[in-house]
Every structure is written in structure tokens, then in C-alpha cells.
Chemist: 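Before anything else, here's the structure in question.
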Amino acid sequence: MTAAAAPSVASLVQSVDWLAIAPPTITAVVALVVLVADLFLGERGKALLGWISVAGLAAAALALLPLLDGDRSTFCLKTLKGEQAACSYTADHFTLVIQFLVLAGALLTALLSITGIKDAKSTTKALPEGEFWFLLLSSAAGAALLPASRDLATLVVALEVASLPAFALVGIKRDDRRSSEAALKFFLSSVTATAVTLLGVSFVYATTGTLHLTRIATALTHVDGQFHTLAQAGVALTLVGFAFKTAAAPFHFWVPDTYVGAPLPIAAYLSVIGKAVGFSGIILVTVVAFPSYADVWGPALAALAALTMTVGNVAALRQQATRAYSAVRLLAWSSVGQAGYLLVPIAAAAYSKDADKAIGSTVAYALMYAAVNLGAFAVAALVARTKPLNRISDYRGLYRSRPLAALVLGFFLLCLAGLPPGIIGLFAKVTVFSAAVDAGLGWLAVVMAVNVVIALYYYLQWTATLFRSAEGERAVQRIPAPLTAAIGLTAVIGVVLSGAPQMVLRFASTGLF
């Protein structure tokens with residue numbers, strides 16, 4: 001008995017692959033460093049916290065480079081013979097692509113935030129710097145952990161680590177009623193979605209007896225008939241929390257008010273990193289854990305995709321140019337519509353013989369969307385410095401006062417619309433459309449085509465506003481270096497991707513799993 005027990009005890013000893021977990025670990029460590037440093041720095045020294053955060057995120061992104069030589073796994077279960085049975089953390093190609101998106105997006109958000117915090121200091125609504133940077137880095141650490149998670153427990157923990165700091169960031173503008181309401185709505189709706197997800201996870205665990213995704217996939221292929229309905233319910237409910245993060249309809253109602261109430265860099269962060277978290281989770285639980293239940297999640301995601309893109313685009317179409325914060329609201333509803341497009345290839349993976357290719361379309365689209373949407377928010381942050389109500393009408397005549405900013409924003413909007421010269425946007429939409437057609441989802445492709453036409457109207461209308469003659473003189477201020485860097489980086493990325501769109505698809509879809 002003692003001899004038999006010895007190997008099983010030894011199998012519980014973990015050897016951690018520190019290189020594999022370096023990106024989220026560095027981000028988390030820098031978050032703690034910022035929190036402690038904030039206690040000892042004076043008011044003048046607090047400006048350093050932003051640059052420490054930028055450096056930490058850059059270091060975390062660079063830590064991805066040594067991982068490119070092959071897949072690595074850690075926190076693994078072992079058999080009595082010492083062989084790996086299942087792992088909780090895997091740094092494969094899919095993980096690295098999403099972690100790059102998350103860390104690069106968080107880095108651009110940090111550059112926007114440095115300017116935003118400095119501007120807030122000149123008003124009565126100054127932001128607490130130490131808390132802000134700690135929360136942003138903590139959320140980024142959770143977001144970087146999620147795509148590497150390969151069991152449901154780690155997935156849910158990573159989802160909450162990414163989400164909980166985001167609630168506080170949305171409501172960080174003290175004495176601002178709009179910010180407090182946005183944070184409360186975001187928090188309550190997210191908690192509800194998480195509760196439903198945990199119920200689904202418990203159903204899956206009750207059916208399969210395991211939380212590891214690869215083991216779940218094996219166990220679900222031979223579920224006892226009396227547990228079949230329970231397994232189906234578990235699969236469906238598990239998707240709810242991740243659908244909430246992607247702002248998929250009908251889980252989207254928190255988006256416009258949250259984006260308006262949050263500091264603008266945080267709205268940008270949620271629009272990109274929040275979606276990356278949600279879509280990573282959906283991809284992992286569907287393609288990796290629940291492939292045998294594609295008949296459950298495939299139609300559900302297809303219906304969600306059609307509903308989400310329609311709701312988002314129709315609501316964006318109704319935005320009034322003179323309404324306060326209409327530019328932010330349009331970007332918010334646009335992000336809902338874009339979420340619908342991102343869901344299309346995941347739904348197509350349920351019907352496709354090559355699921356990797358379909359998922360690659362979503363990842364490629366996400367990379368394009370991240371760059372241009374962050375760029376659009378960066379220009380919105382620039383305009384908000386002189387026009388704090390951020391109405392679409394405030395962008396009238398931007399070309400006359402800031403020609404480069406107007407041209408860059410016009411390029412970003414055309415990318416989101418899928419029109420030249422935004423070739424990367426056109427290529428991404430064609431790739432997603434092809435995924436739906438190849439999977440036999442012709443009706444979904446038609447819905448997508450109609451929604452692309454609807455979106456053309458409001459994107460082109462905003463673009464035209466940039467070049468119309470302005471009413472009165474526009475105040476021109478010097479653009480801070482961090483904001484200039486954020487706009488410049490996103491513009492360069494968008495132009496480079498438009499010049500080599502095939503490179504994006506190849507990078508996003510080669511050997512994901």
C-alpha cells in the first residue's frame with residue numbers, strides 16, 4: 001500500500017515553468033511594485049508610476065519572444081508513471097497571439113492614460129494615480145492569464161481577475177454620478193453573468209468529473225443518457241459569462257453607459273481587452289472542451305452573432321451628432337456590432353471540418369479591430385481635451401485644425417467599415433464572410449452583408465464630418481508625447497497591416513492548438 005501511494009504523492013509535486021508563465025507574472029509583479037511605490041512617492045513623483053507601468057507591460061510583451069520556439073505547459077497532472085495527463089496552463093500559439101494582443105492593447109491604454117491622468121489633475125476630478133495603475137495592471141494580468149488557461153477553474157478565476165479591477169476603473173472618477181452609475185450597472189450585470197457561468201461549470205463537472213478542458217472533451221463523447229440534458233445545459237450556461245464580456249446581445253446593455261461613464265482610456269481598454277478576454281474564453285470552451293456538443297453551441301453562437309451585429313449597428317445608426325458623448329456612444333455601439341462579426345467564425349467552427357482555420361479568422365479580425373479601435377479612441381481622447389462633451393459634431397472641421405489626426409481617424413473609421421484604403425478591414429471582413437459561407441451558414445453571411453452596408457452609413461457620415469468646414473475657430477493645443485505615441489503607433493500598425501493583410505491571417509491561424 002505504501003509503495004503504491006508513493007508515486008501518487010510524488011505526482012502532486014509541481015515543477016513550475018517560470019518562462020511559460022512570465023508574461024502574466026511580470027504584469028502582476030509590476031502591479032504590486034506600483035502599489036507599494038505609491039505609498040512612498042510624493043505628489044510630483046507619482047507621474048513615474050505611469051512610466052513604470054508602461055515599462056512593465058513592454059517587458060511582459062517582450063517575454064513572449066522566448067516562447068515562440070514551441071509549446072510549453074505547466075501546472076500539469078501526472079499519471080503514476082510520471083507522464084503528463086492534463087495541464088492547467090499552456091503557452092501555445094493561440095495563447096501567445098492573444099497575450100500579445102492583450103499586452104500591446106494594455107500598453108497603448110497606458111499611454112492614453114498618462115495623458116488622461118495629467119489632464120485630470122488640472123481639474124477638480126483628479127484620478128488617484130497609484131490605484132489607477134495598480135488596477136489597470138491587475139486587470140491586464142488576468143486578461144493575459146486567460147488564453148493560457150486549460151481548465152475551467154483557472155478560466156473563471158482569470159475572467160474575474162480581469163473583470164474585478166475593471167469595475168473599479170470604470171467608477172474611479174470620484175464625485176461623478178455618471179461614473180458611479182456606470183460602474184454599478186457593469187458590476188451587477190457581470191456578477192449575474194458570472195453566477196450563471198459558474199452554474200454551467202458545476203453542471204459540466206457533475207457530468208464529466210473533471211475541470212480540465214481536454215479531459216472534458218473526452219468525457220463528453222460518452223455521456224450517460226440520463227445526464228445528456230444536464231451536459232447540454234452546462235455547455236450553454238458556461239458560455240454566458242464569456243458572451244457578456246464580448247458584449248454579445250442580449251448581454252450588451254451595459255456597454256454604452258459604461259463607456260460614457262468610464263475614463264476614455266478605460267472605455268478603449270474594455271472595447272479591446274474585454275473582448276479579447278471574452279472571445280478567448282468562448283474559443284477555449286467550445287473548440288477545446290465542447291467539440292462533441294457543437295450541435296448545442298454552434299446554432300447558439302450563430303444566433304448570437306446575427307442578433308449582436310444587428311442590434312449594435314442599428315443602435316449606432318440612431319446616434320445623434322449633437323448629443324453629448326455621441327462619439328463615445330457610437331464607438332460603443334460599433335463595438336457591439338463588431339462583436340457580432342467576431343462571433344461568426346466561432347459559430348462556423350461548429351460546422352467546419354477545419355476548426356483551426358475558422359478560429360484563425362476570428363483571431364485575425366480581433367488583431368485588426370484592436371489596432372484601429374484603440375486608434376479611434378486615441379483620437380477621441382485628443383478631441384476630448386478641448387471638447388469634453390465629445391459629440392460627433394465636435395469633429396466637424398478637424399481636418400482644418402489637425403489634418404494628420406483627421407486623416408488618421410478617417411483611416412481608422414474606413415478600416416472598421418471595411419473600405420479602402422483600410423485594406424486590413426476589408427480583408428478581415430472578407431475572411432469572416434468566407435468562414436460563414438464555407439461552413440454552410442449562408443443565412444448568417446447574408447445577415448452580415450446587410451449589417452456591413454448599414455454600418456457604412458454611420459462610419460462614412462462621421463468620416464465626412466471631419467472634412468466639413470468648421471463653425472468658428474477651433475482651439476489648438478500641443479499634443480502630449482504619450483498621446484502622440486499612441487495615435488502614431490496605431491496608425492503605423494493599421495497601415496502596415498493594410499499593406500500585408502495575408503501576414504495577419506497567417507500569423508493568427510498557423511497551428512493555433
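Nothing here was measured: the structure is a model prediction, and the numbers come from that model.
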Chemist: Between V344 and L441, is any pair of side-chain heavy atoms under 4.5 Å apart?
Modeler: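 No; the side chains remain at least 4.5 Å from each other.
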Chemist: Run the side chain to side chain contact (heavy atoms under 4.5 Å, CB included) check on L159 and V277 step by step: do they pass?
Modeler: CA-CA 7 Å; L159 181 66; V277 167; 3.6 Å; yes
Chemist: Going by ring-ring contact (aromatic ring centres under 6.0 Å, His included), name the pairs with one or both residues in residues 313-347, residues two or more places apart or in two chains.
Modeler: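 Sorted result for residues 313-347: H252-W333.
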Chemist: For a 4.5 angstrom cut-off between non-hydrogen side-chain atoms, does S113 reach Y269?
Modeler: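 No. Closest side-chain heavy atoms not under 4.5 Å.
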Chemist: With sequence neighbours excluded, give me every salt bridge (Lys or Arg N to Asp or Glu O under 4.0 Å) pair touching residues 373-385.
Modeler: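 As it turns out, the salt bridge (Lys or Arg N to Asp or Glu O under 4.0 Å) pairs with a partner in residues 373-385, which skip direct neighbours, are D119-R385.
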Chemist: For T362 and L342, indicate whether the former's side chain and the latter's backbone hold a donor-acceptor pair under 3.5 Å.
Modeler: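 A pair under 3.5 Å: yes.
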Chemist: What is the minimum heavy-atom distance between A193 and F244, and which atoms define it?
Modeler: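 The answer is CB-CB, 3.7 Å.
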Chemist: So, D394 side chain and R391 main chain: donor-acceptor pair closer than 3.5 Å or not?
Modeler: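 Yes: the side chain of D394 pairs with the backbone of R391.
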Chemist: Is there any side-chain hydrogen bond (donor to acceptor under 3.5 Å, both in side chains) pair reaching into residues 420-433, and which pairs are they, with sequence neighbours excluded?
Modeler: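 Listed once each, the pairs are Y365-K429.
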Chemist: What are the two closest heavy atoms between A305 and G340, and how far apart are they?
Modeler: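 So the minimum-distance heavy-atom pair works out to CB-O, 3.5 Å.
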Chemist: Among pairs that include at least one residue of residues 440-468, which meet ring-ring contact (aromatic ring centres under 6.0 Å, His included), considering only residues two or more places apart or in two chains?
Modeler: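 Applying ring-ring contact (aromatic ring centres under 6.0 Å, His included) to every pair that reaches into residues 440-468, excluding sequence neighbours, yields Y395-W462, Y399-F467.
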Chemist: How many angstroms lie between OG1 in T27 and CG in L103, if you round to the nearest 0.5 Å?
Modeler: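 Those atoms lie 5.0 Å apart.
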Chemist: Is it true that a side-chain atom of S280 and a backbone atom of P147 form a donor plus acceptor pair closer than 3.5 Å?
Modeler: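 Side chain of S280 to backbone of P147: no pair is present.
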Chemist: Would T95 and R150 count as a side chain to side chain contact (heavy atoms under 4.5 Å, CB included) if you check the C-alpha gap in whole Å, the side-chain angles of each, and the deciding distance to 0.1 Å?
Modeler: CA-CA 10 Å; T95 299; R150 291 299 184 271; 3.3 Å; yes
Chemist: Which residue pairs pass the salt bridge (Lys or Arg N to Asp or Glu O under 4.0 Å) test when at least one of the two sits in residues 323-333, sequence neighbours left out?
Modeler: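 Sorted result for residues 323-333: D257-R329.
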Chemist: Quick one: pull up CG in L68 and CZ in F100 and give me the separation to the nearest 0.5 Å.
Modeler: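 With rounding to 0.5 Å, CG (L68) is 10.5 Å from CZ (F100).
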Chemist: For residues S361 and V432, report the shortest heavy-atom separation together with the two atoms involved.
Modeler: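 What the structure gives for the nearest pair is O-CG2, 4.3 Å.
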Chemist: If we ignore angles and hydrogens, is there a donor and acceptor under 3.5 Å between the side chains of D71 and T90?
Modeler: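 Looking only at side-chain atoms, T90 and D71 do not form any donor-acceptor pair under 3.5 Å.
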Chemist: Closer than 4.0 angstrom, basic N to acidic O: yes or no for D438 and K353?
Modeler: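 No, this pair does not count.
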Chemist: On a heavy-atom basis, which atom in T109 and which in P265 lie closest, and how many Å separate them?
Modeler: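 Shortest heavy-atom contact: CG2-O, 3.4 Å.
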Chemist: I'd like to check the side chain to side chain contact (heavy atoms under 4.5 Å, CB included) partners of D17; sequence neighbours left out, ordered by chain and number.
Modeler: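 If we apply the side chain to side chain contact (heavy atoms under 4.5 Å, CB included) test to D17, skipping adjacent residues, the hits are L19, A20, R72, T74.
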Chemist: Throw together a table of side-chain donor-acceptor distances under 3.5 angstrom for residues 49-65, partners on residues two or more places apart or in other chains.
Modeler:
| unit_1 | atom_1 | unit_2 | atom_2 | d |
| --- | --- | --- | --- | --- |
| S53 | OG | L49 | O | 2.9 |

Chemist: Answer whether the closest heavy-atom distance between the side chains of I172 and P263 falls below 4.5 Å.
Modeler: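 In short, these two side chains touch, coming nearer than 4.5 Å.
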Chemist: Are the side chain of T310 and the backbone of A306 linked by a donor-acceptor contact shorter than 3.5 Å?
Modeler: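 Yes: the side chain of T310 pairs with the backbone of A306.
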Chemist: Keeping N373 on the side-chain end and Y369 on the backbone end, is there a donor-acceptor pair under 3.5 Å?
Modeler: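 Such a contact is absent between N373 side chain and Y369 backbone.
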Chemist: For T154 versus S149, what's the shortest heavy-atom pair and its separation?
Modeler: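 Answer, listing the atom of T154 first, then S149: CG2-OG, 3.2 Å.
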Chemist: Using the side chain to side chain contact (heavy atoms under 4.5 Å, CB included) rule, take V372 and L497 through it: C-alpha gap first, then chi angles, then the decisive distance, then the call.
Modeler: CA-CA 10 Å; V372 300; L497 295 183; over 6 Å; no
Chemist: Going by heavy atoms in the side chains, are Q99 and P24 under 4.5 Å from each other?
Modeler: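 A side-chain contact under 4.5 Å exists here.
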Chemist: Would you please name every residue forming a ring-ring contact (aromatic ring centres under 6.0 Å, His included) with F186, sequence neighbours left out?
Modeler: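 Listed in chain order: F167, W254.
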Chemist: Rounded to the nearest 0.5 Å, how far apart are CD1 of I98 and CD1 of I283?
Modeler: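 Answer for the CD1-CD1 pair, I98 versus I283, is 6.0 Å.
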Chemist: Does any non-hydrogen side-chain atom of V272 lie less than 4.5 Å from one of L101?
Modeler: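 Yes. Closest side-chain heavy atoms under 4.5 Å.
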Chemist: How many angstroms lie between atom OG1 of T463 and atom CZ of R468, to the nearest 0.5 angstrom?
Modeler: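 Between T463 OG1 and R468 CZ, I get 10.5 Å after rounding to 0.5 Å.
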Chemist: Quick check for you: to the nearest 0.5 Å, what is the distance between N451 atom CG and L317 atom CG?
Modeler: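 Atom-to-atom, N451:CG and L317:CG are 10.5 Å apart.
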Chemist: Taking the side chain as everything from C-beta on, heavy atoms only, tell me whether I26 gets closer than 4.5 Å to P23.
Modeler: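 With C-beta onward as the side chain, the pair stays apart.
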Chemist: Could you pull out all residues at least two apart from Q320 that satisfy side-chain hydrogen bond (donor to acceptor under 3.5 Å, both in side chains)?
Modeler: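 Listed in chain order: nothing, the list is empty.
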Chemist: Name all residues meeting the side chain to side chain contact (heavy atoms under 4.5 Å, CB included) criterion together with V453; count only those two or more places apart in sequence or in a different chain, and write none if there are none.
Modeler: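 Not a single residue meets the side chain to side chain contact (heavy atoms under 4.5 Å, CB included) criterion with V453.
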Chemist: Would you say the side chain of P345 lies within less than 4.5 Å of the side chain of I359, judging by non-hydrogen atoms?
Modeler: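 Side-chain contact under 4.5 Å: no.
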Chemist: Taking A321's backbone N and O only, do any of them form a donor-acceptor pair with S393's side chain (distance below 3.5 Å, no angle check)?
Modeler: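 Checking the backbone N and O of A321 against the side chain of S393, a donor-acceptor pair under 3.5 Å is found.
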Chemist: Between A445 and F433, what is the shortest heavy-atom contact and its length?
Modeler: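 Heavy atoms only, the tightest pair is O-CE1, 3.1 Å.
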Chemist: Just jot down the side chain to side chain contact (heavy atoms under 4.5 Å, CB included) partners of A262, sequence neighbours excluded, or say none.
Modeler: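 A262: side chain to side chain contact (heavy atoms under 4.5 Å, CB included) contacts with V170, I266.
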Chemist: List for me each residue that meets side-chain hydrogen bond (donor to acceptor under 3.5 Å, both in side chains) alongside S163, sequence neighbours excluded, and say none if there are none.
Modeler: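 Result, side-chain hydrogen bond (donor to acceptor under 3.5 Å, both in side chains) vs S163: K245.
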Chemist: Does any non-hydrogen side-chain atom of S335 lie less than 4.5 Å from one of V255?
Modeler: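 Answer yes - side chains close enough.
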Chemist: To the nearest 0.5 Å, how far apart are CZ in F377 and CD1 in I487?
Modeler: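 The CD1 atom of I487 is 13.5 Å from CZ of F377, to the nearest 0.5 Å.
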Chemist: The test is side chain to side chain contact (heavy atoms under 4.5 Å, CB included); show your working for L413 and L409 and say whether it passes.
Modeler: CA-CA 6 Å; L413 294 174; L409 179 57; 4.1 Å; yes
